[in-house]
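Residue numbering restarts at 1 for every chain, and letters A, B, ... go by the order of the sequence lines. Note: hydrogens, waters and symmetry copies are ignored here, and every other heavy atom, side chains too, is used.
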2 protein chains.
Amino acid sequence: MRSDARRNYDQILSAAEAEIARHGADASLEEIARRAGVGSATLHRHFPSRQALLEAVFHDRVEVLCARAGELAGHPEPGDALADWLRAVAVYGATTRGLARSLLDGGRDPAPPAGSSCEVMLVDAGSGLLRQAHDAGAVRPEVSIVDLLTLVNAVSLATEGSPGAATEATRLVDLALDGVRPRG
Amino acid sequence: MRSDARRNYDQILSAAEAEIARHGADASLEEIARRAGVGSATLHRHFPSRQALLEAVFHDRVEVLCARAGELAGHPEPGDALADWLRAVAVYGATTRGLARSLLDGGRDPAPPAGSSCEVMLVDAGSGLLRQAHDAGAVRPEVSIVDLLTLVNAVSLATEGSPGAATEATRLVDLALDGVRPRG
DNA sequence: CCACGAAATGGAGGGACACCCCACTTATGG
DNA sequence: CCATAAGTGGGGTGTCCCTCCATTTCGTGG
């Protein structure tokens, strides 16, 4: 990759990060190009679709979440480890504008870039935690990782943008984990 | 209201219904006006914002849901009645393109039209069912109707458009009601 | 050091959209 | 029947996404 191309790529990415933080997943691509100091054609060559740009912007953050799943893998209480991780995913999604929406669309679309999408990364990272939780009998056997991530992402989506989004998202995830009906 | 105005209003509404069913909440307002056989200015006068149009389109359907809540009010098992209703709301949202999105945005926005929005209608309708369920001890006391509708709407949003959306939505609502953790 | 080919660029332009203005049409009550 | 106010829609503006292509820039082999 030529050095000027790399420089432009990075500038676009950081402009996109700022703009998406301000306006969410629907941020104007032209405005991003403008702020990055490049022409719109350059943006479109580096990122052929809006989804591609979103994935690139959120890739680092999602990687952090995946790393957290790795740390939690050895936790003595697999059920708590899974719950902690799901809460973390929900909070990230609820507080990072556009992420939840991007994950939702990314999971729906024909998923052009094969297995490297953010959604796939999260599924892979969560699968291990869920397996351990299953083995420990801490999670109903019929629950899949896709179920859990769908639910958590839905919560992120629904709470994103509200004041106290993180608190709200955590509450709702806990509610789904424990159930609406009282125990006992 | 003059008779021709009323006629145009109705034509816009039915065109919007068809177009939103085809393209979701992002349907083109110009296309709706075109299919209704009116100018775009007419559409914008009758419905000052996209949200206003969506609310009008979904008003009837939401009313049906509210009526269903009324029917379920006298059910001998308040917990089951609430669960039935929440499932119905989730299925409606998941199978009616654009509804969930509309409810989400409607609940977030400054809500211009005071208390007549679809979101408020559902909150009102659900409050009675939840109170009865609370009294019967079938629902945790700290759970509010807004929590439940947010969760259910989130599920609708996340499953909308997928094949078998209704089944998927029902599954996830049941999961949230019973909890991810097994009962003991 | 330089010239050259490939890589990269960005501005212009096409097509679509939301929204607004304003000259014109039409329903309706007296 | 007609005056008037309500209602209309075509066209204009500004924005957006995306593509084409003439031009510039990089990096390398002589």
Can you tell me which residue pairs pass the salt bridge (charged side-chain N to carboxylate O under 4.0 Å, His left out) test with a partner in residues 141-150 of chain B, sequence neighbours excluded?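 Matches after skipping sequence neighbours: A:Arg171-B:Asp147.
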
Partners passing salt bridge (Lys or Arg N to Asp or Glu O under 4.0 Å) against B:Arg87 (at least two apart in sequence or in another chain):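 In terms of salt bridge (Lys or Arg N to Asp or Glu O under 4.0 Å), with neighbours along the sequence ignored, B:Arg87 is linked to B:Asp84, B:Asp174.
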
List for me each residue that meets salt bridge (Lys or Arg N to Asp or Glu O under 4.0 Å) alongside A:Arg140, sequence neighbours excluded, and say none if there are none. none

Non-neighbouring partners of [X] that pass side chain to side chain donor-acceptor pair (under 3.5 Å), sequence neighbours left out:
X: A:Glu119; result: none
X: A:Asn8; result: none
X: B:Arg34; result: B:Glu31
X: B:Gln132; result: none

Integer-rounded Å distance: D:dT8 P and B:Asp4 CG: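 It is 5 Å, rounded to the nearest whole Å.
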
So if I take residues 7-34 of chain A and measure heavy-atom distances to DNA chain D, which residues fall below 4.0 Å? A:Ala27, A:Ser28, A:Leu29, A:Glu30, A:Arg34

Tabulate atom names and distances for all N/O pairs under 3.5 angstrom spanning the protein and nucleotides 4-7 of chain C.
unit_1: C:dA7; atom_1: N3; unit_2: A:Arg2; atom_2: NH1; d: 2.8

Reading DNA chain C from 5' onward, which residue's closest nucleotide shows up sooner: A:Met1 or B:Ser3? A:Met1

Got B:Arg22 and B:Arg97 here, is their nearest side-chain heavy-atom distance under 4.5 Å?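 A side-chain contact is absent here, since even the closest heavy-atom pair is not under 4.5 Å.
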
Tell me which pairs pass ring pair (Phe, Tyr, Trp, His ring centres under 6.0 Å) where either residue lies in residues 39-58 of chain A, with sequence neighbours left out.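 The answer is A:Tyr9-A:His46, A:Tyr9-A:Phe47.
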
Please list all pairs meeting ring pair (Phe, Tyr, Trp, His ring centres under 6.0 Å) that have one or both residues in residues 67-97 of chain B, counting only residues at least two apart or in different chains. none

Mind listing the residues from residues 36-47 of chain B sitting with a heavy atom below 4.0 Å of DNA chain C? Number order is fine. B:Ser40, B:Ala41, B:His44

